[in-house]
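In this chain, residues are counted from 1 in sequence order. All ligand and atom numbering here is 1-based and tracks the order in the structure.
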Amino acid sequence: MSSLAAIAATSAPGFSHLVTVEDSLKGTQAIPPDRARHFCAELEAGHIVFLPVSPIAISQEDRELLLGRKQTSSAYHKNIAYRPAEDRITGLDASEQAEADSLRRILQEFSKRSVEFLAGFLSPYAGKWKLDYASYRPIEEEGRSARLHARNDLLHFDSFPTRPTNGARILRFFVNLNPMKSRVWLTSETFESFGPRFARAGSMLASAAGNPVTRGMRSFARTLRLPFGSRPPYDEFMHRCHNAMKEDASFQEHTPKQRWEFPPDSAWMVFTDCVSHAVLSGQYALEQTFQIPQSALVESQISPLAILEKIAGQPLTL
Ligand SMILES: [Fe+2]
């Protein structure tokens, strides 16, 4: 397979831009449907919608609890996840259970407020999404050690290895809770620009004959000793793409990049399945993930699923 760097160098890239929401929005305040649709279209095209002031109210007491745990807690080696459907948190050590109730309540509240805000801000998606996990990210990202495929500081498109989306898109809403420091991201090409080249150049889609995607997926599944069909072909592809990007040091070094700084108390949202992103630095962010089904998208023809199915010439979902 060609190296990702070589692929990146051979075609015109499409990149993200920042869509700043100038008016300060609060809580459940809805925006007109046309404007909501505009923001959905910008997000689906791989752009970043940025709110200089977070619309989510978080009390001073809760902020202090979140920011103050760092000196005493060994759980700060990990992110803390909140599962809304089960109303429970994961990522705490046994010794952290005394704080579990407070954290669960704070993340439950954040998740609820995020849902309320996005229901009014991105109304075409409201009620159609699948509410995924929320998370609290208390660890300084700069210099954070992690295994290669889990590293946040390497450019990638998001793919959930244990929670296949079967073609639904991954929308993430972030708030920088840090009172002093920006959260710094790099982004590179969007999936619309990068994905087709990767799909065509990669071994999975290299052959023009037969059903190359299916064959590639079977081969890939065999390599991993997975029963074929344990994940939809779409998720298999996105997961392989995620790993290949992180494994390619040359791509990481040479691909063109943009740098973004999200200041304290700002919020931003991104479809992280089409914005290749890396987190360079930052500590104390809250995040809520939504899975947006194809049927709710305003520009479904540019979704990663639609792009890949056009190349494959066949459905990639189950
Ligand atoms: Fe990511």
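- Remark: R183 fails to qualify as a cation-pi partner of Y284 under the 6.0 Å distance and 45° angle criteria applied to the six-membered ring.
- Residues V19 and V275 are members of separate hydrophobic clusters, defined by side-chain heavy-atom contacts under 4.5 angstrom among Ile, Leu, Val, Met, Phe, Trp and Tyr.
- Seen from the ring of F160, R163 counts as a face-on cation partner, given the 6.0 Å and 45° thresholds.
- The salt bridge (charged side-chain N to carboxylate O under 4.0 Å, His left out) analysis of residues 293-318, with sequence neighbours excluded, yields no pairs.
- Counting heavy atoms from C-beta outward, R144 and D153 have side chains that stay 4.5 Å or more apart.
- Listed by chain and number, the protein N, O or S atoms at a distance under 2.8 Å from the Fe ion (ligand 1) are H156 NE2, D158 OD1, H277 NE2.
- Using a cutoff of 4.0 Å between basic side-chain nitrogens and carboxylate oxygens, R240 and D235 are not scored as salt-bridged.
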